[in-house]
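Data first, discussion second: the structure below is written as structure tokens.
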Amino acid sequence: MIWAATFAAFASPDAESQQRKFLKANKDAVNVEFNDRAIAQSVVGFRAINVWITKDDNQFQGSASSSSGADPTVEAECTIKAKGYSAKFTSPAVVNMPSFGKETTSAKLNCNYAGTTISETLQPKNLSQGSRTGNAIAVGVLLCPVCGTAMAVGGAAEKDGDVYGFEDKTLKLK
């Protein structure tokens, strides 16, 4: 009985709760600026993402901070540009990225540090799908291997109301 209730709780989250779970703007984050009114009106919600730039200490000299012993994080001037919106900020930063549901398109991230420019395309992800797959694995490991496998297979498909957005991004200067 308990596994059935758990299975039901993970199997069918409603669209509104999915949006609340994944689309949370951060009031202290950098907001994008819209240059297309129609695109601004089609926003489903915002997702706050972290943007970090790291460097190899052997190659670059300058101010940096490292709290984990990993590559140090540096301050870099960055821009994000996409169809209908853009943002300028200094990394490390938190940026409120818009979600347009299934219509969410990629965005270009460019950062400049000490005369070196690094660029990457940010690809939107189906955040709901990843969550369903993770939940299925947890159910499989903890409660019911057969149920968890079935949920993982079912979680791989797109569903109405799925939430799309961007994930945190770390760019590495080489």
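Keep in mind that what you see is a predicted model, and the values were worked out from it rather than measured.
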Smallest heavy-atom separation, Phe166 atom then Leu122 atom, equals CE2-O, 3.4 Å

So the disulfide bond (SG atoms under 2.5 Å apart) pairs with at least one residue in residues 82-123 (sequence neighbours excluded) are Cys78-Cys111

Residues passing the side-chain contact (heavy atoms from CB on, under 4.5 Å) test with Lys24, sequence neighbours excluded, are none

For Tyr164 and Lys102, the nearest pair of non-hydrogen atoms, with its separation, is CE1-CG, 3.4 Å

same_hphob_cluster(Ile118, Trp52) at 4.5 Å side-chain heavy-atom cutoff: no

CG (Asn110) and OG1 (Thr79) are apart, to the nearest 0.5 Å, by 4.5 Å

Name each donor-acceptor pair under 3.5 Å that joins a side chain in residues 31-38 to protein atoms two or more places apart or in another chain, with its distance.
unit_1: Asn31; atom_1: OD1; unit_2: Asn96; atom_2: ND2; d: 2.8
unit_1: Asp36; atom_1: OD1; unit_2: Ala38; atom_2: N; d: 2.9
unit_1: Asp36; atom_1: OD1; unit_2: Ile39; atom_2: N; d: 3.2

Those residues at least two apart in sequence (or on a different chain) that pass side-chain contact (heavy atoms from CB on, under 4.5 Å) with Glu103 are Phe100

* **Flag, side chain of Ser128 to backbone of Val163, donor-acceptor distance under 3.5 Å** => yes

Residue pairs meeting salt bridge (charged side-chain N to carboxylate O under 4.0 Å, His left out), one or both in residues 87-96, sequence neighbours left out, come to none

Ala48 and Val94 have their tightest heavy-atom pair at CB-CG1, 3.8 Å

So the salt bridge (charged side-chain N to carboxylate O under 4.0 Å, His left out) pairs with at least one residue in residues 111-129 (sequence neighbours excluded) are Glu120-Lys169

